[in-house]
Chemist: 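Quick one: the structure is below, and I'll ask about it shortly.
In what follows, chains carry the letters A, B, and so on, assigned in the order in which the sequence lines appear, proteins first and then strands, with residues in each chain numbered from 1.
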Number of protein chains: 2
Amino acid sequence: MSRSSPQAPDAQTDALPRQQRTYSIGELARMFEVTPRTIRFYEQEGLLAPSRQGQKRIYREKDRVRLKLTLRGKRLGFSLAEIREVVMMYDAMPDGNARQLKRLLEILADKRANLERQLEDIRLMRMEIDDVDQRAREVLRQLDQEA
Amino acid sequence: MSRSSPQAPDAQTDALPRQQRTYSIGELARMFEVTPRTIRFYEQEGLLAPSRQGQKRIYREKDRVRLKLTLRGKRLGFSLAEIREVVMMYDAMPDGNARQLKRLLEILADKRANLERQLEDIRLMRMEIDDVDQRAREVLRQLDQEA
DNA sequence: GACGAGGTTTACGTTAACGTAAAGTGCTTG
DNA sequence: CAAGCACTTTACGTTAACGTAAACCTCGTC
């Protein structure tokens with residue numbers, strides 16, 4: 001709806017190279033189908049750190065990516081604390097202290113193991129679902145024939 | 001420790017065919033590394049329905065399987081409510097009402113879609129982890145060389 | 001017969017991850 | 001300039017999934 005007038009003199013157009021675009025909290029919220037409250041909460045939990053322009057939060061590409069990663073992590077059942085652990089260490093990497101780096105590698109190995117287990121869980125659950133599905137269809141067919 | 005005396009006159013031995021074995025709440029808890037409280041909670045939430053012998057809960061093979069499925073679901077980030085939804089409908093299947101069965105098929109399709117998305121999420125997250133891992137190792141190598 | 005290892009119920013506490021409501025700021029639009 | 005958005009902060013509320021504590025039974029055993 002805000003896109004009604006042609007040649008709007010807005011600062012942002014979709015034509016801008018991604019790296020320079022900025023987003024409002026509402027835009028991000030709609031993009032990812034979460035509420036602004038959720039985004040502010042993630043900031044409070046140290047997962048996002050948007051800059052400000054007066055009072056308003058300004059999100060850049062980097063923030064958008066972080067949010068995306070965070071939500072992906074959530075879908076996989078990770079806690080915000082776990083996600084933060086990786087994200088923050090990733091940021092601390094460049095000036096990396098060796099001990100920190102090794103710790104990061106440990107964490108990553110951990111997450112990877114976790115993912116592998118999830119893959120196996122998915123495989124098994126898929127089989128079970130297929131099985132139940134099969135049975136349900138058969139029962140349905142019988143009901144149809146009786147009728 | 002309760003396995004100390006040979007030829008214990010217990011009702012249960014590991015030699016029994018699985019289908020006839022029964023388990024105490026403590027046994028199950030240890031098997032799956034959860035607390036008895038968790039198992040009681042799942043019962044209260046309608047996910048388990050052990051029989052009783054006096055006051056004590058007696059778990060059979062079926063209950064064990066259910067617990068296993070429940071915990072697997074949890075690892076994949078499903079809520080107990082979602083898990084119950086499937087488990088209960090599965091039980092209601094035999095005397096299945098056609099509408100219920102169709103509903104079950106819907107739910108199953110839903111879960112399956114969910115799993116597929118998770119697979120994709122895992123794939124992506126794996127790549128990112130590998131990437132971060134790579135970078136971390138490189139930084140470490142540089143640090144080693146400088147020293 | 002005291003006691004320790006398991007089990008039981010009841011009930012209140014806790015944590016994570018937001019939801020929701022209230023009250024204020026700042027722009028631009030009829 | 002009033003009205004309406006989109007944003008802000010503050011703060012209390014809510015839900016899921018258990019944890020924890022107290023107080024009680026019931027065995028086999030020392």
Chemist: Check whether any side-chain N or O of A/E27 sits under 3.5 Å from a backbone N or O of A/S24 as a donor-acceptor pair, and report yes or no.
Modeler: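 Between the backbone of A/S24 and the side chain of A/E27 there is a qualifying donor-acceptor contact (under 3.5 Å).
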
Chemist: Check the phosphate of C/dG6 against B/S24, side-chain N and O only, distance under 4.0 Å to OP1 or OP2. Yes or no?
Modeler: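 Answer is no, no contact under 4.0 Å.
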
Chemist: Which protein N or O atoms sit under 3.5 Å from an N or O of nucleotides 17-23 of chain D?
Modeler:
unit_1 : atom_1 : unit_2 : atom_2 : d
D/dA17 : OP1    : B/L80  : N      : 3.0
D/dC18 : OP2    : B/Y42  : OH     : 2.6
D/dC18 : OP2    : B/K74  : NZ     : 3.2
D/dG19 : OP2    : B/T35  : OG1    : 2.8
D/dG19 : OP2    : B/T38  : OG1    : 3.3
D/dG19 : N7     : B/R37  : NE     : 3.1
D/dG19 : O6     : B/R37  : NH2    : 2.9

Chemist: Take atom CD of B/E43 and atom P of C/dT10, then tell me their distance rounded to the nearest Å.
Modeler: 12 Å

Chemist: For B/E27 and C/dG7, what is the distance between atoms CD and P respectively, to the nearest whole Å?
Modeler: 8 Å

Chemist: Please report the distance, rounded to the nearest Å, between OH in A/Y23 and C1' in D/dA6.
Modeler: 19 Å

Chemist: Hydrophobic clusters here meaning ILVMFWY residues chained together by side-chain heavy-atom distances under 4.5 Å, can you tell me if B/L69 and B/Y90 are in one?
Modeler: no

Chemist: Start at the 5' end of DNA chain C and walk down; is the nucleotide closest to B/R57 or to B/R30 reached first?
Modeler: B/R30

Chemist: To the nearest angstrom, how far is A/I25 atom CD1 from D/dA6 atom P?
Modeler: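 It is 13 Å, rounded to the nearest whole Å.
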
Chemist: Counting heavy atoms not belonging to B/R135, are there more than 12 under 6.0 Å from its CZ?
Modeler: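 12 or below, so no.
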
Chemist: Nearest-Å distance, CD (A/E85) to P (C/dA16)?
Modeler: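 Spelled out: CD on A/E85 to P on C/dA16 is 14 Å.
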
Chemist: Between P on D/dC7 and CD on A/Q55, what's the gap in Å once rounded to a whole number?
Modeler: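 One finds 13 Å between P of D/dC7 and CD of A/Q55, rounded.
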
Chemist: In whole angstrom, what separates B/Q44's CD from C/dC12's C1'?
Modeler: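 Atom CD in B/Q44 sits about 14 Å away from atom C1' in C/dC12.
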
Chemist: Rounded to the nearest Å, what distance is computed from the CD atom of residue B/E82 to the P atom of nucleotide D/dT15?
Modeler: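 Value for this atom pair: 17 Å.
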
Chemist: Thinking salt bridges, do B/R126 and B/D121 make one under a 4.0 Å N-O criterion?
Modeler: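 No, this pair does not count.
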
Chemist: Under a 4.0 Å threshold between the charged nitrogen and the carboxylate oxygen, would B/R57 count as salt-bridged to B/D63?
Modeler: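 Salt bridge flag = no for B/R57 with B/D63.
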
Chemist: How long is the span from the CD1 atom in B/I83 to the OH atom in B/Y42, to the nearest 0.5 Å?
Modeler: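 Taking CD1 in B/I83 and OH in B/Y42, the distance rounds to 7.0 Å.
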
